[in-house]
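For reference, the structure discussed in these notes is given below.
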Amino acid sequence: MNRFYELESDFFDPQLITLSGQAFRFKNLDDNHTELVAFGKYLQIAKTAKNTYLFSCSEDEFEKIWKDYFDLDRDYRKIYESIDKDDSYLKAAADFGYGIRILKQDIWETYISYIISQRRSIPSITTSVDRLSRLCGNKITAPKLPDPFIEASAKEYYSFPCPKAVAALTLKEIEETGVGYRAQYIYEAAQKFASGELDPDKLKKADDSFLYDLLLSQFGIGKKVANCIMLFAFHRLGRFPIDVWMERIVNTYYKGEFDTDRYPDTAGIMQQFMFYYERNR
DNA sequence: GGCCAGGCCTCGC
DNA sequence: GCGAGGCATGGC
């Protein structure tokens with residue numbers, strides 16, 4: 001079975017990552033199988049034993065793509081243990097979300113996905129991302145995988161389209177993916193990414209405050225979306241996006257303000273625990 | 001069929 | 001600088 005890569009980890013739960021809402025192209029097939037599309041590839045992860053997972057890719061691909069994508073070099077257990085013992089809500093949330101990691105997603109894909117996300121439900125965001133991918137992404141044929149993998153949920157998948165492919169669409173075509181008034185935001189973003197005016201490789205080198213201000217200055221991007229892009233794509237783990245769910249949590253359990261200074265480098269992970277807990281418990 | 005969704009823009013002060 | 005109103009469409 002060395003065609004596939006086996007991972008042992010005591011802090012990795014792809015099922016929870018699917019449900020954590022940070023990515024829109026994950027699907028839990030059953031209790032032990034999760035599939036996803038990222039970086040133009042289809043991946044299935046099978047849980048084969050406690051803390052043991054089989055990835056439907058070679059070791060080489062795992063090392064090049066997925067290890068970094070799932071942030072597997074970071075010690076999340078240590079972060080989990082750093083949680084304030086007196087913070088019973090956060091402790092409960094982290095126990096509930098034990099195994100959630102923050103993905104390092106593609107910057108452009110995350111940028112567009114979170115523009116789409118504003119004032120929409122997660123299922124609805126997923127639909128639009130899927131439609132946009134089908135419209136101008138590349139076809140990916142689902143691989144036939146042996147046991148312990150199971151059949152993919154579809155015969156073909158589509159990669160998230162590159163900036164140039166989206167930039168070639170008309171505003172009307174973008175609207176037809178169901179994104180409504182956000183189409184103009186996407187249209188403008190695509191032009192900027194396609195022309196190189198917004199360059200992910202350059203942006204990666206920017207410090208937090210510069211990057212945040214730059215994102216905020218973009219059409220269609222406010223505080224919440226900027227922080228999500230920084231957390232889920234740029235992997236700035238200190239960012240703490242506040243949406244309607246987080247606002248409810250902070251108001252209910254933290255008297256209106258969560259002290260992010262307590263977790264300067266990991267507040268975003270705490271945010272993800274809370275968000276998942278509140279939505280799924 | 002009505003209500004709300006991982007918010008942001010514009011306008012008026 | 002800040003609060004209120006408006007907003008396209010999809011899911012439940």
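Lettering of chains follows the sequences in order, A, B, ..., and the numbering in each one begins at 1. Keep in mind it's a predicted model, so treat the numbers as computed, not measured.
In this structure, CD1 of A/I116 is placed 12 Å from C1' of C/dT9, rounded to the nearest angstrom. Atom CZ of A/R119 and atom P of B/dC4 are 10 Å apart (whole Å). Computed from coordinates, the A/K224 NZ to B/dC8 P distance equals 7 Å when rounded to whole Å. Here the P atom of nucleotide B/dG7 and the CZ atom of A/F275 are 9 Å apart, to the nearest Å. Remark: C1' of B/dC8 and CG of A/D243 are 14 Å apart, rounded to the nearest angstrom. We find that CZ of A/F24 is positioned 9 Å from P of B/dG6, with the value rounded to whole Å. Distance A/F219 CZ to C/dC7 C1': 12 Å, rounded to the nearest Å. In this structure, A/M230 places its CE atom 23 Å from P of B/dG6, rounding to the nearest Å.
Of the C1' atoms belonging to B/dC3 and C/dC7, the separation is 15 Å, rounded to the nearest Å. On the C1' atoms, B/dA5 is 16 Å away from C/dG6, given to the nearest whole Å. Taking the C1' atom of each, C/dT9 and B/dG1 are spaced 15 Å apart, rounded to whole Å. The gap from the P atom of B/dC11 to that of C/dA8 amounts to 14 Å, rounded to the nearest Å.
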Item to complete: List the steps and the verdict of salt bridge (Lys or Arg N to Asp or Glu O under 4.0 Å) for A/K104 and A/D68.
Response: CA-CA 7 Å; A/K104 285 188 204 172; A/D68 190 51; 2.8 Å; yes

Worksheet item: Stepwise, does the side-chain hydrogen bond (donor to acceptor under 3.5 Å, both in side chains) test hold for A/Q15 with A/K47?
Response: CA-CA 10 Å; A/Q15 302 256 311; A/K47 181 173 184 177; over 6 Å; no

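Nucleic acid contact class of A/T126 (heavy atoms, under 4.0 Å, all strands): none. Using a 4.0 Å heavy-atom distance criterion, A/I221 is classed as a sugar-phosphate-only contact.
The side chain of A/T127 approaches C/dG11 more closely than any other nucleotide in the set B/dC8, C/dG10, C/dG11. For A/S124, whose side chain is taken as the heavy atoms from C-beta onward, the closest listed nucleotide among B/dG7, C/dG10, B/dG6 is C/dG10. In the set C/dA8, C/dG11, B/dG7, the nucleotide with an atom closest to the side chain of A/R182 is C/dA8.
The six-membered or imidazole ring of A/Y111 lies away from that of A/W108, with a centre-to-centre distance of 6.0 Å or more. Here the two rings, on A/Y89 and A/Y277, have centers that are under 6.0 Å apart. You'll find the ring centres of A/Y98 and A/F12 outside the 6.0 Å limit.
Taking side-chain N and O atoms only, A/R279 has a distance below 4.0 Å to OP1 or OP2 of B/dG6. A close approach under 4.0 Å does occur between a side-chain nitrogen or oxygen of A/R131 and OP1 or OP2 of C/dG10.
Stacking of the aromatic ring of A/Y114 onto the base of B/dG6 is not found under the criterion of centres within 5.5 Å and planes under 30°.
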